[in-house]
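Presented below is the structure to which this report refers.
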Amino acid sequence: QQLSLEGNRIEEIQPGAFGHLGSLTVLDLRANALVYLPDMVFQGLQALRWLRLSHNALHVLGSEAFAALPALRRLSLDHNELQALPGAGGLAKVSLAGNPLLCSCLLRPFHVWLARARVQAEGSCAAPPALRGRPL
């Protein structure tokens, strides 16, 4: 039910790579070298509740990267290089600390989703200067 691939220098994950792990509830991909997550990359992980992606080099997340995760409640994306984010289903908590989040129009869809979903979000704006340090 839990799989840790922490610290394995993983640079890329192909969509469907975890497709046969339908009962997995926790996937730990911390401390790798991931830069991009394509759409539907986690397809098949129907029971996944916690996805840990902290301490990677993530710059871009596909707009549907988390779409195939109906049970996902906790998402750890802290300490990456993210400036903008897509929404992510029924999350209860998302960790974003340590990202250079650009609180501009790029982040608006995520902000609207956060407000509607009433998700607990940890993180703050890195830019523009007038919003630097303000919580999401």
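All values below come from the heavy atoms of this structure, side chains included, with hydrogens, waters and symmetry mates left out.
- Within the 3.5 Å criterion, the main-chain N or O of Leu53 finds a donor-acceptor partner in the side chain of Asn80.
- Not counting sequence neighbours, the partners of Gln2 by the side-chain contact (heavy atoms from CB on, under 4.5 Å) test are Thr25, Val26.
- Heavy-atom contacts from other residues, nucleotides or ligands closer than 6.0 Å to CD of Glu11 number 12 or fewer.
- Evaluation of the disulfide bond (SG atoms under 2.5 Å apart) test over residues 93-123, restricted to residues two or more places apart or in two chains, returns Cys103-Cys125.
- Applying the side-chain contact (heavy atoms from CB on, under 4.5 Å) test to Glu122 and every residue at least two apart in sequence or in another chain returns Lys93, Ser95, Gln120.
- A distance of 8.0 Å separates CG in Leu91 from CZ in Arg73, rounded to the nearest 0.5 Å.
- Residue pairs that meet the ring pair (Phe, Tyr, Trp, His ring centres under 6.0 Å) test with at least one member in residues 42-64, sequence neighbours left out, are His55-His79.
- The distance from the CG atom of Leu77 to the CG atom of Asn56 is 9.0 Å, given to the nearest 0.5 Å.
- Here the OG-CG distance, from Ser23 to Leu45, works out to 10.0 Å after rounding to the nearest 0.5 Å.
- The distance from the CG atom of Leu3 to the CG atom of Leu48 is 10.0 Å, given to the nearest 0.5 Å.
- Residue Met40 belongs to no hydrophobic cluster, having no ILVMFWY side-chain heavy atom closer than 4.5 Å to its own.
- Looking at residues two or more places apart in sequence or on another chain, you find a side-chain hydrogen bond (donor to acceptor under 3.5 Å, both in side chains) between Asp78 and Ser54.
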